[in-house]
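Predicted model only: the values in this text are computed from it and were never measured.
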Amino acid sequence: PPKGKGPQGKRITLKVAKNSVRVLFNGRRRLELSKMGIAIFPKCLLELADVEEIDLSRNMLRKIPNTIEKFKNLVWLDLHSNQIDELPAAIGTLQNLTYLNLCNNKLTTKGLPEELIKLKSLRILNLGLNCLETVPTTLGSLKELVELGLFDNSLTIIPKSVKRLPKLERLNVKRNPLPEFAKEDEPIDTIKRLESLYLVEKKDLCNPCLQTCQGERDELHMLQDMTPGLSEKPSFYSLITPNSTARDNQEEWRIK
């Protein structure tokens, strides 16, 4: 496109990038560039290709270049909340990657390259809040997956190969048009209700049935006797008689 067209975003210099490297308690180096207004993957980051973690979340990135393959040591990659609609094939070269967050982007099923299944070390993969209509059955080959987020997409089926991942502990598929979510769970009615009611005369009942009915009726009357009627006025003997000021105020409120 002609120069100047499309969002250019904030320009990240090598100095800014170097100052954005944090050493974590486990010794890993994380490149923290979240919420920086980045629209194009900065080329200068290649100078820091030995980092183990990259946080580029909450930016305006549309594409991740194939140069991502230079980050051989990458274990953790957070790209959530960008505008990414497809991943490069080179994503599959990140053999050490255990965490990949792509939540809240514009990924379609076509935007997921086959090479994604080469990430054999991947333990956490978040694809929630995207535009996926199907899940590649090949994701079932990611045997180390412990957590998989597929929520808020347009999925109508989850492949069996994905459901049967051996180490999978958390699979979030909420808010998808899946058949199991088509009907909302009906509220449980805790009140026992009769489908049919038959009325008979007292003379038509046998003795055992008559005794049962009379017993239940007596219990009902006891409950009614125990419940104070609405017409009964409560009396409060411990209250003192209202003084003259109280009486005047009471009359005034009645008039109002």
Under the side-chain contact (heavy atoms from CB on, under 4.5 Å) test against L79, which residue among N59, N101, I64 passes?
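Per the side-chain contact (heavy atoms from CB on, under 4.5 Å) rule, the option paired with L79 is I64, out of N59, N101, I64.
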In this structure, are over 12 heavy atoms from other groups packed under 6.0 Å from K120 atom NZ?
yes
Treat each ILVMFWY residue as a node, draw an edge where side-chain heavy atoms are under 4.5 Å apart, and state whether [X] and [Y] are in one component.
X	Y	result
L178	L139	yes
V16	L56	yes
L24	Y99	no

Under the side chain to side chain donor-acceptor pair (under 3.5 Å) test, residues paired with [X] that sit two or more places apart:
X	answer
N82	none
N176	none
Q95	none

Please determine whether a side-chain nitrogen of the Lys or Arg among R30 and E53 lies less than 4.0 Å from a carboxylate oxygen of the Asp or Glu.
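Salt bridge between R30 and E53, a charged N being under 4.0 Å from a carboxylate O: yes.
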Name each donor-acceptor pair under 3.5 Å that joins a side chain in residues 31-51 to protein atoms two or more places apart or in another chain, with its distance.
{"unit_1": "S34", "atom_1": "OG", "unit_2": "S57", "atom_2": "O", "d": "3.1"}
{"unit_1": "S34", "atom_1": "OG", "unit_2": "S57", "atom_2": "OG", "d": "3.0"}
{"unit_1": "D50", "atom_1": "OD2", "unit_2": "R29", "atom_2": "NH1", "d": "3.0"}

Which pairs, with at least one residue in residues 85-114 and sequence neighbours excluded, count as a salt bridge (charged side-chain N to carboxylate O under 4.0 Å, His left out)?
K63-D85, K63-E86
Salt bridge (charged side-chain N to carboxylate O under 4.0 Å, His left out): pairs with one or both residues in residues 67-84, sequence neighbours excluded:
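Qualifying pairs: none.
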Keeping N66 on the side-chain end and A90 on the backbone end, is there a donor-acceptor pair under 3.5 Å?
yes
I'd like to know if the side chain of N130 reaches the main chain of L132, judged simply by a donor and an acceptor atom lying under 3.5 Å from each other, with no hydrogens or angles considered.
no
Of all heavy-atom pairs linking W76 and D55, the shortest is CZ3-CB, 3.9 Å
How far apart are the closest heavy atoms of E147 and L168, and which atoms are they?
N-CD1, 4.0 Å
Nearest-0.5 Å distance that lies between atom CD1 in I117 and atom OG1 in T138:
5.0 Å
How many angstroms lie between CG in L127 and CG in N105, if you round to the nearest 0.5 Å?
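Answer for the CG-CG pair, L127 versus N105, is 9.5 Å.
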Intermediate values then yes/no, side-chain contact (heavy atoms from CB on, under 4.5 Å), V75 and R28
CA-CA 9 Å; V75 175; R28 291 183 191 167; 3.6 Å; yes
Pairing residues for R123 by the salt bridge (Lys or Arg N to Asp or Glu O under 4.0 Å) criterion, not counting sequence neighbours
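R123 satisfies salt bridge (Lys or Arg N to Asp or Glu O under 4.0 Å) with no other residue.
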For E133, all residues meeting salt bridge (Lys or Arg N to Asp or Glu O under 4.0 Å), sequence neighbours excluded:
none
Within the structure provided, determine whether [X] and [Y] are in side-chain contact (heavy-atom separation under 4.5 Å).
X	Y	answer
P88	I68	yes
T98	L122	no
L171	L150	yes

S81 and R58: CA distance, side-chain angles, deciding distance, side-chain contact (heavy atoms from CB on, under 4.5 Å) verdict
CA-CA 5 Å; S81 303; R58 297 186 176 94; 4.0 Å; yes
Partners meeting side-chain contact (heavy atoms from CB on, under 4.5 Å) with L87 (sequence neighbours left out):
I84, L102, L107, L112, P113, L116
Apply side-chain contact (heavy atoms from CB on, under 4.5 Å) to N19 and list each qualifying residue two or more places apart in sequence or on a separate chain.
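Once residues adjacent in sequence are excluded, the partners of N19 under the side-chain contact (heavy atoms from CB on, under 4.5 Å) criterion are K15.
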For a quick test of your reading: what N or O donor-acceptor pairs under 3.5 Å do the side chains of residues 155-166 make, sequence neighbours left out?
{"unit_1": "S161", "atom_1": "OG", "unit_2": "T137", "atom_2": "O", "d": "2.8"}

When you look at L148 and N172, which way does the side-chain contact (heavy atoms from CB on, under 4.5 Å) test go after all the steps?
CA-CA 6 Å; L148 177 59; N172 189 342; over 6 Å; no
Note: with side-chain heavy atoms under 4.5 Å as the link, the other cluster members for L129 come out as F151
